[in-house]
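Structure first, then comments.
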Amino acid sequence: MIIKTQNEVTESVLSEIDRAPDARFREVMSAAAKHLHAFVRETRLTEAEFQKACAYIATLGQLSNASHNEVVLIAGSLGVSALVCLQNNGDRGRRETTANLLGPFWRANSPRTENGASLVRSPTPGEPIFVTAYVEDLEGRPVPDAEVDVWHTSGAGIYENQDPTQADMNLRGKFTTDANGAFGFRSVKPAGYPIPIDGPAGDFVRATNRHHYRPAHLHFLIYKPGFKTLISQIYVNDDERLDSDVQFGVTRALIGDYVRHDNGRAPAPDVEPPWYSLDYTFPMEAGEARLPRPPIK
Ligand SMILES: [Fe+2]
């Protein structure tokens, strides 16, 4: 179509998208085109701003590599990741859920780890923590034989893939729930951490005068055929940034009761107080078991 007015640009694009045979593709891309065009009109986007935006988006890709995912960082910093999660879990957003963001640091093929064993694979700063968790269905029945990936930062707030002083796969492990739906492990209490701010996501956060930290958390990914894969993070209740997470991830259901023990014997003989314990139960919805695409290798 020969374009006569600016409104005809939108009509023309939409009519071309309408040719696509895939109905969901038509739905998603038509909405994307409509909203993008509306955004350009509402903001009266200038040519210089458009060029800047294109360069910004190109940089998101250029800075992403095997160990860093800038696209996931900006999606989180804009709250898009949190919105997609809450819209697709908890009976499609109708009730509270323990689902949460995958984040940019999940790696496939975590080492198989016995229930109760330690995730500490090289000397790691941090206070000892003992975690006992249960996986159950929505009726409260145990879910045995679920595969559970766990990953988290050290007490210094750094993931092993960001830290040459940590062993490969330190503070990562893969567990299988027992007949009671239980799994557990020993580790160090995670610390909150700054998201990387040397790229466009950092530019965005700085421009809003926010801090660029995530509150401390443990990551979980629970997989069993017949259930919707549950991706979760359980936040540390004494973290001062629970209500200002740079990635907008914290909901009430996800704040764990991390109990500090200043007295009493720890579950392991080599541990002196203070130590921490966490008990938590993950309810799983029926649905499709599907593993996400690992954001890093
Ligand atoms: Fe994290």
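Quick note: residue numbers are just sequence positions, from 1. Note that ligands are numbered from 1 as they come in the structure, with each ligand's atoms numbered from 1 the same way. Because the structure is predicted, anything quoted here is derived from the model rather than measured.
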Got a sec: is Y159 within less than 2.8 Å of the Fe ion (ligand 1) via an N/O/S atom? yes

2.8 Å cut-off met by an N, O or S atom of H152 to the Fe ion (ligand 1): no

If you count every heavy atom of other residues, nucleotides or ligands that lies below 6.0 Å from R92 atom CZ, does the total exceed 12? no

Surrounding CD of E16 (heavy atoms of other residues, nucleotides or ligands, distance under 6.0 Å), is the total greater than 12? yes

When you measure from the side chain of T177 to the backbone of A146, do you find a donor-acceptor pair of N or O atoms at a distance under 3.5 Å? yes

Between Y213 and R241, is there a cation-pi geometry (under 6.0 Å to ring centre, at most 45° from the normal)? yes

So does Y193 have any N/O/S atom less than 2.8 Å away from the Fe ion (ligand 1)? yes

Angle, NE2 of H217 through the Fe ion (ligand 1) to NE2 of H219 - 10° precision: 90°

